[in-house]
Amino acid sequence: MKRRPARRLEAAAAPRLQASVTLTVPFQDADPSGAAWHGNYFRYFDAARCALLDRLDYGYRAMAASGLVWPIVDTRVRFLRSVSFDQRLEVTASLEEWQYRLHIGYAIHDADGHRVTEGYTIQVPVDAATGEMCFGMPAALYERIDGLVRAALDE
């Protein structure tokens, strides 16, 4: 089988390596002006990240069962438009890198399809027993991701 260029691989596999959740900004997330407080966006990212990890069959319980914890070691958020109480949002998490760490990108869109926020998180595997960072992806997770990528290429 001929190997396809990386750009095509990414484009073909992208839908399988992402997950979206729809949520409504709750009252308690808003400041007195009605706008969502900036710190809450990380909870919105977390909701989409959990959906993505579940799609990979490697949610936080599976992580713990594998003897690893995955702390976030770097993050960035960019606010493009404010959101407010009772506003409906779609939050998408996309796995962008997975060889030695999990680099997950996020996009938040409003009901009209406007991108309101974007960002990323980076998580690294840490041995739960020793607290030492692990180098390389656990074989089971790598195989799950590889299976999704291969399935996308076969379509």
Side-chain angles (χ1 to χ4, degrees), residues 1-26 29 36-80 83 88-111 113-155:
M1 180 168 127
K2 244 183 172 175
R3 186 170 176 124
R4 296 182 186 183
R7 188 175 344 178
R8 283 193 187 160
L9 172 72
E10 291 171 11
R16 293 178 182 264
L17 300 178
Q18 68 183 23
S20 296
V21 295
T22 301
L23 56 90
T24 302
V25 177
D29 283 5
W37 177 67
H38 68 277
N40 289 312
Y41 288 79
F42 292 104
R43 287 190 306 104
Y44 308 156
F45 287 177
D46 187 56
R49 180 174 54 248
C50 286
L52 173 63
L53 294 172
D54 287 346
R55 182 174 195 153
L56 300 174
D57 196 25
Y58 197 70
Y60 286 107
R61 292 196 192 281
M63 288 179 180
S66 71
L68 299 172
V69 293
W70 290 78
I72 292 175
V73 296
D74 191 12
T75 188
R76 178 172 190 251
V77 62
R78 185 169 162 224
F79 304 100
L80 306 171
V83 299
R88 198 163 172 83
L89 305 173
E90 181 175 10
V91 186
T92 302
S94 303
L95 185 60
E96 296 178 359
E97 182 184 331
W98 61 87
Q99 189 171 4
Y100 297 106
R101 61 189 186 168
L102 296 178
H103 179 158
I104 300 173
Y106 304 92
I108 301 179
H109 292 86
D110 64 15
H114 297 111
R115 184 177 287 216
V116 297
T117 309
E118 58 192 19
Y120 68 81
T121 56
I122 295 176
Q123 295 173 259
V124 296
V126 173
D127 185 297
T130 66
E132 294 180 12
M133 188 167 67
C134 304
F135 294 97
M137 190 62 48
L141 178 57
Y142 192 82
E143 289 169 10
R144 288 180 184 122
I145 295 169
D146 188 53
L148 291 171
V149 171
R150 286 178 191 265
L153 290 174
D154 289 342
E155 289 182 347

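In this text, all values refer to a predicted model and were calculated from it rather than measured experimentally.
Within the structure, every pair that satisfies the salt bridge (Lys or Arg N to Asp or Glu O under 4.0 Å) test and touches residues 50-74, not counting sequence neighbours, is listed here: D57-R144.
Screening V21, T117, L23 for a side chain to side chain contact (heavy atoms under 4.5 Å, CB included) with L89, the sole residue that qualifies is L23.
Under the 4.5 Å side-chain criterion, counting only non-hydrogen atoms from C-beta, V83 is not in contact with D110. For the pair I72 and F42, the minimum side-chain heavy-atom distance is 4.5 Å or more. Between V116 and L80, the closest side-chain pair of non-hydrogen atoms is not below 4.5 Å. At least one side-chain heavy atom of W98 sits under 4.5 Å from a side-chain heavy atom of V149.
Taken to the nearest 0.5 Å, the CD1 atom of I122 stands 9.5 Å off from the CD atom of E96. Once rounded to the nearest 0.5 Å, the distance linking CD of Q123 with CZ of R101 reads 11.5 Å. To the nearest 0.5 Å, atoms OH (Y58) and CG (L95) are separated by 12.5 Å. Considering OG1 of T92 and CD of Q18, their distance stands at 6.0 Å, rounded to 0.5 Å. Summarising the geometry, atom OH belonging to Y44 is positioned 8.0 Å from atom CD1 belonging to I108; distances are rounded to the nearest 0.5 Å.
Qualifying side-chain hydrogen bond (donor to acceptor under 3.5 Å, both in side chains) partners for R115, counting only residues two or more places apart in sequence or in other chains: E118. In this view, Y100 satisfies the ring pair (Phe, Tyr, Trp, His ring centres under 6.0 Å) rule with no residue, not counting sequence neighbours. With sequence neighbours excluded, the residues satisfying ring pair (Phe, Tyr, Trp, His ring centres under 6.0 Å) with H103 are Y120.
In this structure, R43 places its CZ atom where more than 12 heavy-atom neighbours from other residues, nucleotides or ligands lie under 6.0 Å away. Under a cut-off of 6.0 angstrom, the local environment of CZ in F79 is crowded, with over 12 non-hydrogen atoms contributed by other residues, nucleotides or ligands.
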Output side-chain donor-acceptor pairs under 3.5 Å for residues 127-138, partner residues at least two apart or in another chain, one line each.
unit_1: D127; atom_1: OD1; unit_2: A129; atom_2: N; d: 2.8
unit_1: D127; atom_1: OD1; unit_2: T130; atom_2: N; d: 3.0
unit_1: T130; atom_1: OG1; unit_2: E132; atom_2: N; d: 3.2

Please tabulate, one pair per line, all N/O donor-acceptor pairs under 3.5 Å involving side-chain atoms of residues 46-53, not counting sequence neighbours.
unit_1: D46; atom_1: OD1; unit_2: R49; atom_2: NH2; d: 2.7
unit_1: R49; atom_1: NE; unit_2: Y60; atom_2: OH; d: 2.9
unit_1: R49; atom_1: NH1; unit_2: Y106; atom_2: OH; d: 2.8

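At distances below 3.5 Å, not a single donor-acceptor pair connects side-chain atoms of D29 with backbone N or O atoms of N40.
Minimum heavy-atom separation, H109 to G113: CD2-O, 3.2 Å.
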